[in-house]
Amino acid sequence: MQAVASSPIASIPTNGSAPITGSAPAMVANRLLVVDDEPEICEFIRDVAEAVGYEVAVSHDHRQFRSLYEEFKPSAIMLDLRMPKGDGVELLRYLADLVCQADIFLASGVDTRTLNTAMRLATAHGLRMREALRKPFILPDLRAALRRTLNLNMSITEQDLEEAIRANDLFLHYQPKVSLVAGETPSIDAVEALLRWEHTVYGELPPDKFIPIAEASGLIVPLTDLVLRNALEQWQIWHNGGHDIPVAVNLPACLLTDLEFPDRLSDLLTHHDVDPSQLILEVTESGAMMDGPMAMDILTRLRLKGVELSIDDFGTGYSALVQLYRLPFSELKIDKSFVMEMDRSEEAKTIVRSIIDLAYNLDMNVCAEGVETVVIMDLLRSMGCDKAQGFYFSPPVPGKDVHKLLVDAEQLGTATSL
Ligand code: C2E
Ligand code: CA
Ligand code: CA
């Protein structure tokens, strides 16, 4: 794996989201209100946010915040959880009482657990909590978080999405899952298909800007069919080029109530002449743990047909271990929120280690997502993690570029011994 460690398969992108800022017109006001008692921090956030495309107002105390909130009408708020006069939790309650619709970031030097508790509390109050940012800020993280929340989705409608599906404006990128097996040369184990939308006005949109609309409107069903068809077609292209590379597709939870789905999928696999073992379906932890025999019925039939099943975003739901043991999954994917914190937080490290042990004891493979640095990759390897995915190895790339990743990885493998 050292070959990958010293030479990532592809370059690391500068931020975690698609390049949406350049092409987006200012149709929806992006106004950020910063609340922090330290003026230098406010100015730092102001500089970063203005460069990303926000109009910014700052407030150093709670009273001023309340009047600015009314006047400025922010679309996003960056709140310091701990301030000398009045704490952030009080302000969150105040915003909840006003039924505030702004996207909210919490920033603080307090420990991750307290920060996450405040996030959960505010979510329970109905606030649109976006991300918790640890201080001191890391510039690329702050910039990426602000970009992710630029208010683009407010003017995207169900009809736009329907039209985009018809017009073929949606397409897939693929991100490698890399094998971390100790003592073996690096290899790409599989790729995950990730959806993008080439929007005629906004440019390339990441899935979190439209998957929620698809799920709320029911368009997620035709959308998933489209993703499966495209991914299987792409598999054939790689196959014809001499590479059999399993492809993972994200399966929305609602398809676990569609009893006809396993047969539809079988027909699709036959039509594209793809062996079921070459397809991995990723279901989020909360989706997989949905109650009821129907989900179990569908998952079991998918597994019997030979499709691999993976639990996505593991660690974010509330899995009953017994249920986890009973379901026919062969892989656990550790949510990136824990993986990305591993080098700064002992708690995150402990959670990741526990999930790896759990997977091992249940005889499942384990894949860590969100690996951005060699330090984290080394930590994961030392904990016995099987697979990893993240910008350190490669960002999601177009299907035609996967061939190059595979060839590069093979060359790294033959040129370097561990
Ligand atoms: P996910 O399934 O957890 O996919 C992984 C996400 O993490 C991807 O974001 C990927 O680009 C991002 N990522 C990968 N490595 C790193 C890293 O090192 N650092 C950071 N910060 N991020 C990393 P993306 O493509 O924006 O997708 C977001 C989510 O949208 C996916 O999360 C998945 O839940 C959903 N999604 C994507 N494609 C589809 C699809 O075809 N169908 C459905 N139902 N959902 C999809
Ligand atoms: Ca996934
Ligand atoms: Ca995930």
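First listed ligand is number 1; within each ligand, the first listed atom is number 1. Scope of the values below: all heavy atoms of this structure, side chains included, with no hydrogens, waters or symmetry mates.
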min-distance N/O/S atom, E192 vs the Ca ion (ligand 2), resolves to OE2

Here the N/O/S atom of D312 closest to the Ca ion (ligand 2) would be OD2

For ligand 1, which atoms have a heavy atom of [X] less than 4.0 angstrom away?
X	answer
E372	17 (C), 18 (O), 19 (N), 20 (C), 21 (N)
V227	41 (O)
D313	3 (O)

The test is side chain to side chain contact (heavy atoms under 4.5 Å, CB included); show your working for V374 and Y392 and say whether it passes.
CA-CA 7 Å; V374 64; Y392 177 67; 4.0 Å; yes

Count the heavy atoms of every other residue, nucleotide or ligand shown that sit under 6.0 Å from CG of D363, and state whether that count exceeds 12.
no

Strictly under 3.0 Å, is the Ca ion (ligand 3) approached by any N, O or S atom of D335?
no

Can an N, O or S atom be found in E282 less than 3.0 Å away from the Ca ion (ligand 3)?
no

May I ask you to identify, for [X], whether its side chain, its backbone, both or neither come under 4.0 Å of ligand 1 on a heavy-atom basis?
X	result
H173	neither
L251	neither
L194	both

With a cutoff of 4.0 Å, is [X] in contact with ligand 1, counting heavy atoms of the residue only?
X	value
I211	yes
M340	yes
E192	yes
K333	no

Walk me through whether K135 and D80 qualify under salt bridge (charged side-chain N to carboxylate O under 4.0 Å, His left out).
CA-CA 10 Å; K135 281 183 176 176; D80 185 8; 3.3 Å; yes

Would you call the rings of F137 and F44 parallel, tilted or perpendicular, where under 30° means parallel and over 60° means perpendicular?
parallel

R196 and P396: which non-hydrogen atoms are nearest, and at how many Å?
NH2-CG, 3.8 Å

Which atom of D36 lies closest to which atom of I41, heavy atoms considered:
OD2-CG2, 3.4 Å

is_close_aromatic(Y174, W238), centroid dist under 6.0 Å:
yes

Heteroatom of D313 nearest to the Ca ion (ligand 3) (N, O or S, atom name)
OD1

Could you tell me which N, O or S atom of E369 is nearest to the Ca ion (ligand 3)?
OE2

Tell me whether the Ca ion (ligand 2) has T284 as a neighbour, meaning an N, O or S atom of it below 3.0 Å.
no

